[in-house]
Protein chains: 2
Amino acid sequence: MNTDTSPRPRMTRQRREILDALDTRDFRSAQSWHEHLRADGSTVGLATVYRALQALADTGDVDAVVSESGETLYRRCEAGEEHHHHLRCRSCGKAVEIDVPEFEDFAHRIGDAHGYGDIRHTIELTGICPECAAAGRG
Amino acid sequence: MNTDTSPRPRMTRQRREILDALDTRDFRSAQSWHEHLRADGSTVGLATVYRALQALADTGDVDAVVSESGETLYRRCEAGEEHHHHLRCRSCGKAVEIDVPEFEDFAHRIGDAHGYGDIRHTIELTGICPECAAAGRG
DNA sequence: CCTGATTTTGACAATCATTCTCAACAAGTT
DNA sequence: AACTTGTTGAGAATGATTGTCAAAATCAGG
């Protein structure tokens, strides 16, 4: 049996541009990535950016986190990485990946203790990065 | 100088009803609390529910978390409690408060290590509660 | 209890992020 | 080139949330 139901996407100009933009590895909303692309001369449409980011999030090629304001932020993740978390700058979006191995176990122990199954967890660390602090932002 | 810029809110029928409803201590969206109230015979308006929940979140009387879908969920918190996290059921919203003392320190150590200041953190644990699992939901 | 100053309410419009629609278009195949 | 089918983009539609503003209610004070 074939479990691969989805054909690989076609490599269009738009997809290439989006993939390129993601190389900066910042956390940005779809709208912000779109502006970024247009500022660089791309003519890509907003809906296309949304679609591409969602598709990439589905395949695990980008991380998606929901900010306090309810916007979804996207960032390309390291190839092949499994589960990880981030320390993100609230001012400029720059992020570093962090590892919280202790927590993976902890989450399951807590779940078990309360009888909850299919445990998922989100850890979001935010702060103001050195550059932004120096610039007086945030 | 007087730093208390906000007079205590007036106790209106609507506010009383909302406060009462919050006693169930579930995590629900503003819209869901509104439906809940109307179902109980209240005539409170949606905007009023939003305003009340926001005000309560500002004073720390309710917790607000943003779900994966981008909705903000509200829940009354234990009086006087400071900072805490939740294990929430993805199916019915029932939640238990959990304590992660180790993490408070950890968060600051990570922040320092990367030069990030004004560190804030969010930990969200979700799962399927025993009742929902038994009922085949989720 | 009556009155007035000030808050609060609620119906509805406005905003914001995101998703949907669908005809025009481009990728990859033969 | 011709075809099949996935992709695009403009704009409409949706859904959550916030803003607007006149009418109603609260909490003084007399």
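Labels below follow one simple rule: chain letters A, B, ... track the order of the sequence lines, proteins then strands, and each chain is numbered from 1. When reading the values below, keep in mind they use all heavy atoms of this one structure, side chains included, and skip hydrogens, waters and symmetry mates.
As rounded to whole Å, 15 Å separates atom P of dT18(C) from atom CZ of R28(A). We find that CE of M11(A) is positioned 18 Å from C1' of dT29(C), with the value rounded to whole Å. Distance L53(B) CG to dA16(D) C1': 13 Å, rounded to the nearest Å. Atom pair H34(B):NE2 and dC12(C):P shows a separation of 13 Å (rounding to whole Å applied). Between the P atom of dT18(D) and the CD atom of E71(A) lies a distance of 13 Å, rounded to the nearest Å. Rounding to whole angstrom units, CD of residue E17(B) and P of dA25(D) are separated by 13 Å. Protein atom CH2 of W33(A) is 18 Å distant from nucleotide atom C1' of dT18(C), rounded to whole Å.
Here dT17(D) is the nucleotide among dT17(D), dC12(C), dG11(D) with the atom lying nearest to any side-chain atom of L46(B). Side chain of R13(A), nearest nucleotide from dG10(C), dT17(D), dG9(D): dG9(D). If you check dG6(D), dA10(D), dT18(C) against the side chain of R10(A), the one that comes closest is dG6(D). Listed candidates were dT7(C), dT19(C), dA16(D). Nearest to the side chain of Q54(A) is dT19(C). With distances taken from any side-chain atom of A47(B) to the nucleotides dT17(D), dC27(D), dC12(C), the minimum falls on dC12(C).
Side-chain contact between V44(B) and H34(B): present, with at least one pair of heavy atoms (C-beta onward) separated by less than 4.5 Å.
Under 4.0 Å is where a charged nitrogen must lie from a carboxylate oxygen, and between R25(B) and E97(B) at least one such pair does. Between R120(B) and E124(A) no salt bridge is recorded (no basic side-chain N to carboxylate O distance below 4.0 Å).
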D63(A) and H84(A): side-chain hydrogen bond (donor to acceptor under 3.5 Å, both in side chains), yes or no, with the steps?
-> CA-CA 9 Å; D63(A) 285 326; H84(A) 53 260; 2.8 Å; yes

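Partner of R76(A) under the side chain to side chain donor-acceptor pair (under 3.5 Å) criterion, out of D26(A), T24(A), D23(A): D23(A) alone.
For the pair Y50(A) and dT18(C), the criterion of a side-chain N or O lying under 4.0 Å from OP1 or OP2 is met. The phosphate of dT9(C) has OP1 or OP2 within less than 4.0 Å of a side-chain N or O from T12(B). Between T72(A) and the phosphate of dT18(C), there is a side-chain N or O to OP1/OP2 separation shorter than 4.0 Å. Checking the phosphate oxygens (OP1, OP2) of dT8(C), no side-chain nitrogen or oxygen of Q14(B) falls inside 4.0 Å.
Contact annotation for S29(B): no contact, since no heavy-atom pair falls under 4.0 Å across all strands.
Residue side chain R8(A) does not reach the base of dG6(D) through any donor-acceptor N/O pair under 3.5 Å, judged by distance alone.
Projected onto DNA chain D by closest heavy-atom contact, R51(B) and L73(B) fall at different nucleotides, the more 5' of which corresponds to L73(B). Remark on DNA chain D: of its neighbouring residues R15(A) and R16(B), the 5'-side contact belongs to R15(A), judged by nearest-heavy-atom nucleotide.
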